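Read through the structure below, which is laid out as structure tokens, and then see the notes.
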Number of protein chains: 2
Amino acid sequence: MSLPHVLLGLLAEPASGYDLKQEFGQSIRYFWSAELSQIYPALAKLERDGLLESSREPSPKGPSRKVYRRTAEGQKALKEWLLRGPVCRTERLDYLAQMFFLETIPPARRRKFIEDLRDDFQERLHALEAVEQYWSESDPRYPDRLPDHEKYRQMTLKLGLKRYAATVEWCEECLERM
Amino acid sequence: MSLPHVLLGLLAEPASGYDLKQEFGQSIRYFWSAELSQIYPALAKLERDGLLESSREPSPKGPSRKVYRRTAEGQKALKEWLLRGPVCRTERLDYLAQMFFLETIPPARRRKFIEDLRDDFQERLHALEAVEQYWSESDPRYPDRLPDHEKYRQMTLKLGLKRYAATVEWCEECLERM
DNA sequence: CAGGTCATGTAATAAGTTACATGATTAA
DNA sequence: TTAATCATGTAACTTATTACATGACCTG
């Protein structure tokens, strides 16, 4: 039940469903994603429940936009989610399940599997490194003098960097041990 | 579409739905889980599709068991899944989404949030460390002389250890920086 | 005989993906 | 005029969770 909360979180600034989908494409995508076909109904329900309100606004390019704003109720719901403490659901990592049964395929293909996995995480790592570099170059307050709302985003980024680096390292170790 | 493949993987040895559920409770749970209400229909479908076959067997304790075996077709399907290469879907990490919006709650509660997160991962780390210790004590081949099918499980375990350790470390760093 | 574990399932609901439908505006 | 982007949505399907239903066998 977290997508509604993620949307509430992102709606610190008014935005349309379409805008929100773009935001998922940026930093968010490393820990969450959603299709427009899931976002639109979710926003509609949040509005019905009084956590959001919306207004139609003409768009400079394209059809008119439905811009959502968080209500006081919405802000409260977001807070409650955070105050309930960390939500840790069981992760479903298909590639780890595959790793678990990797002996099923011939040795050469096993090696290739792990190389592919390494390349994938290497790429993600580079992407996050680029984010960090751009951020640190464009804001002299990076990383320790950032305002609160950016500080926690920076920390989130840091965990991504750590985990992806650890994963790439692990792939290399596996390859050496084969 | 991975649960069926996980079941195929686990069914290297014949087992009932109930047995398989137990296995999820062990090592598997760090990267996959499923309820019995999902497992039973999944097994039934795999049988209809000819990837598994079953037989009723009396149980020493309790009602009769339905024991599934992998067919040649099933083995093939498992191989194909692995040969298609690593499946990396977008992860949905609720607690990272929460971290991203953590400025929403008061500073003392932010700290508590991160402490709780650290405790959670610390616990998982301890659990995996216990698994490793037991394994290394009970099998002198651990870790480099293990037979193939255990070697990849050991590597899977290693990634878990690495990631959980990195996460605990990261929590500590966050707390220091607050 | 009560409570726990063994054992198999169905039903209802929630969450997420893929495909489809529609139409405006802009740039090549 | 054709393709791309902007913009909002519905429908069908798949996947996962929670709740319910049933009953055997074992232990205290």
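Lettering follows sequence order; numbering is per chain, from 1. All values derive from a computational prediction rather than experimental measurement.
- The existence of a salt bridge linking B:E57 and B:R69 is confirmed by a sub-4.0 Å separation between a basic side-chain nitrogen and an acidic carboxylate oxygen.
- Of all heavy-atom pairs between B:R177 and A:P143, the closest is NH2-O, 3.2 Å.
- Between A:R89 atom CZ and D:dT15 atom C1' there is a gap of 13 Å when expressed in whole angstrom units.
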Output a table of nitrogen or oxygen pairs between the protein and nucleotides 20-22 of chain C separated by less than 3.5 Å.
none

Sub-3.5 Å pairs of nitrogen or oxygen atoms, protein against nucleotides 24-28 of chain C:
none

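- Spacing between atom CG of B:L7 and atom C1' of D:dA16 amounts to 13 Å, rounded to whole angstrom units.
- In summary, of the residues considered (B:F31, B:W32, B:W81), a ring pair (Phe, Tyr, Trp, His ring centres under 6.0 Å) with A:F100 occurs for B:F31 alone.
- A cation-pi arrangement, defined by a distance under 6.0 Å to the six-membered ring centre and an angle within 45 degrees of its axis, is present between B:R124 and B:F121.
- Taking all atoms of both residues into account, the shortest heavy-atom contact from B:G160 to B:L128 is C-CD1, 3.6 Å.
- Rounded to whole Å, atom C1' of C:dA7 lies 10 Å from atom CD of B:Q22.
- For B:E132 and B:K158, the salt-bridge test passes: some basic side-chain N is under 4.0 Å from an acidic carboxylate O.
- What you find for B:G9 and B:R70 is that their closest heavy atoms are O-NH1, 3.7 Å.
- Look at B:D19 and B:R65 and you find a salt bridge, because one of the NZ, NE, NH1 or NH2 atoms lies within 4.0 Å of a carboxylate O, short of that distance.
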For the pair A:Y142 and A:Q154, evaluate side chain to side chain donor-acceptor pair (under 3.5 Å) and give the outcome as yes or no after the intermediate values.
CA-CA 9 Å; A:Y142 189 94; A:Q154 190 268 340; 3.2 Å; yes
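- Remark: A:R92 is not in phosphate contact with C:dA15, judged by side-chain N or O atoms under 4.0 Å from OP1 or OP2.
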Short N/O separations, protein against nucleotides 8-12 of chain D, under 3.5 angstrom:
from	atom 1	to	atom 2	distance (Å)
D:dT8	OP1	A:K66	N	2.7
D:dT8	OP2	A:Y18	N	3.1
D:dT8	OP2	A:Y40	OH	3.0

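- Put simply, CG on B:L20 is 15 Å from P on C:dC6, counting in whole angstrom units.
- Summarising the geometry of A:L8 relative to A:G74, their closest heavy-atom pair is CD1-O, 3.8 Å, with the distance given to 0.1 Å.
- If you measure from atom NZ of B:K45 to atom P of D:dC13, you get 14 Å, rounded to the nearest angstrom.
- To the nearest angstrom, P of C:dG16 lies 14 Å from CD of B:E91.
- Using a cut-off of 4.0 Å between Lys/Arg side-chain N and Asp/Glu carboxylate O, A:R111 and A:E115 are scored as salt-bridged.
- The interatomic distance linking B:L3 (CG) with C:dA15 (P) rounds to 20 Å, in whole Å.
- Atom CG of B:L43 and atom C1' of C:dA7 are 13 Å apart (whole Å).
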